[in-house]
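Here the structure is a predicted model, which means the values were calculated and not measured. A note on names: the letters A, B, ... follow the listed sequences, proteins ahead of strands, and every chain is numbered from 1.
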Number of protein chains: 2
Amino acid sequence: MQANDCAAALAAAEGLCEARGTRLTELRRRVLEIVCASARPIGAYAILDVLRDDGRPGAPPTVYRALDFLLEQGLVHRLASLNAFIGCSHPAEHHGGQFLICERCGCVGELDSHEVEDGIVRAAAAVGFAARTQMVEILGRCAACRDAPA
Amino acid sequence: MQANDCAAALAAAEGLCEARGTRLTELRRRVLEIVCASARPIGAYAILDVLRDDGRPGAPPTVYRALDFLLEQGLVHRLASLNAFIGCSHPAEHHGGQFLICERCGCVGELDSHEVEDGIVRAAAAVGFAARTQMVEILGRCAACRDAPA
DNA sequence: TGGTGAATGTTATACAGTAACGTGTGTTAC
DNA sequence: GTAACACACGTTACTGTATAACATTCACCA
């Protein structure tokens with residue numbers, strides 16, 4: 001995430017938590033900031049390292065609890081295939097998320113195609129499955145890396 | 001997987017490995033059997049426990065190497081959201097796989113909708129992303145659990 | 001001001017995955 | 001036949017990911 005996007009995400013998070021009556025504490029805010037400041041998905045233990053550099057006490061549960069909150073609020077996403085986290089580009093609308101993961105540069109984009117989402121819901125329904133949430137992670141090459149040699 | 005499906009999967013695996021000139025060793029066959037015999041996705045360490053119950057020596061690499069082989073051959077799938085493995089329903093055709101994970105009973109079905117797959121490739125291409133493989137895991141209620149109370 | 005619940009601190013442990021190296025074993029070339 | 005090789009497996013050790021369980025602190029409200 002770019003620096004200005006990061007500031008915007010933090011501001012949006014403040015507003016959303018305010019509106020929802022949930023508490024974006026100092027720790028949670030700081031974890032969100034760390035995630036958003038990272039250009040690429042960041043792991044929980046990397047977040048923990050940054051917190052420790054801040055001089056905070058900290059153990060894994062510290063980070064995971066903050067991440068659980070941020071996930072619940074839709075402010076960050078977890079990429080299951082990478083065991084890592086990224087800031088959400090559009091936190092206002094809760095969404096499962098479709099992620100474009102570049103195998104070359106490691107960058108991650110959000111797709112959020114309603115067409116894809118609806119297609120999945122329909123295809124699942126056709127076999128009797130009631131879809132609630134979906135996790136779509138797409139590996140390949142981003143536009144910038146698309147034509148680069150292997 | 002049902003018991004008869006399990007036997008069928010093992011037979012199919014034999015045939016495929018034979019045809020491909022790859023070696024379905026005793027260990028690999030046994031790991032496949034354990035995965036297929038499990039009604040639900042099974043973790044690597046649970047597989048290891050079964051191997052040890054068999055009286056085999058064993059350590060994590062034993063299991064992971066067998067699983068790597070089975071994944072390469074398309075005989076099992078890995079569910080990233082669960083860090084667990086399931087037997088493949090249609091091992092003959094290599095496919096990325098779309099999984100229907102029931103939040104109530106824990107069962108997992110394969111969807112394999114070409115429509116969904118193509119939709120994802122198209123939606124990614126529309127934003128300049130060249131999709132290579134995709135991982136789709138859908139959470140919800142299976143047909144049997146669909147109408148059960150929370 | 002004391003009680004309640006939420007958030008955080010802390011310790012310990014379970015689960016997931018891999019690196020590195022050693023050992024057997026079955027080809028294939030000579 | 002046997003040396004050389006590739007492959008599968010054994011073994012040790014370790015890193016990374018995640019959570020359980022319990023203690024403590026803090027904010028808020030009655």
Task: Residues touching DNA chain D, which here means a heavy atom under 4.0 Å, drawn from residues 66-88 of chain B - done: none
Task: DNA chain C-proximal residues of residues 36-64 of chain B, any heavy atom under 4.0 Å - done: B/Tyr45, B/Pro60, B/Pro61, B/Tyr64
Task: Those residues of residues 9-31 of chain B lying under 4.0 Å from DNA chain C by at least one heavy atom - done: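 Nothing qualifies; none.
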- [ ] Mind checking side chain to side chain contact (heavy atoms under 4.5 Å, CB included) for B/Tyr64 and listing every partner two or more places apart, or none if nothing turns up?
- [x]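 Listed in chain order: B/Ala44, B/Tyr45, B/Pro60.
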Task: Sequence-distant partners of A/Arg52, side chain to side chain contact (heavy atoms under 4.5 Å, CB included), two or more places apart - done: A/Leu48
Open item on the list: Under 6.0 Å between ring centres: does that hold for A/Phe85 and A/His77?
Closed with: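 So the answer is no for these two rings.
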Task: Non-neighbouring partners of B/Arg23 that pass side chain to side chain donor-acceptor pair (under 3.5 Å), sequence neighbours left out - done: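 Side chain to side chain donor-acceptor pair (under 3.5 Å) check on B/Arg23 returns nothing, list empty.
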Open item on the list: More than 12 heavy atoms of other residues, nucleotides or ligands under 6.0 Å from CD of A/Glu14: yes or no?
Closed with: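 Yes, because the 6.0 Å sphere around CD of A/Glu14 holds more than 12 heavy atoms from other groups.
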Going from [atom1] on [X] to [atom2] on [Y], what distance comes out if it is rounded to the nearest 0.5 angstrom?
X        : Y        : atom1 : atom2 : value
B/Leu67  : B/Arg28  : CG    : CZ    : 11.0 Å
B/Glu117 : A/Ile138 : CD    : CD1   : 11.0 Å
A/Arg122 : B/Glu115 : CZ    : CD    : 6.0 Å
A/Arg30  : A/Leu10  : CZ    : CG    : 9.5 Å

TODO: Look at the side chain of A/Arg65 against the base of C/dG9 and say whether a donor-acceptor pair falls under 3.5 Å; ignore hydrogens and angles.
DONE: yes
Task: Salt-bridge criterion met for A/Glu103 and B/Arg132 (N-O under 4.0 Å) - done: yes
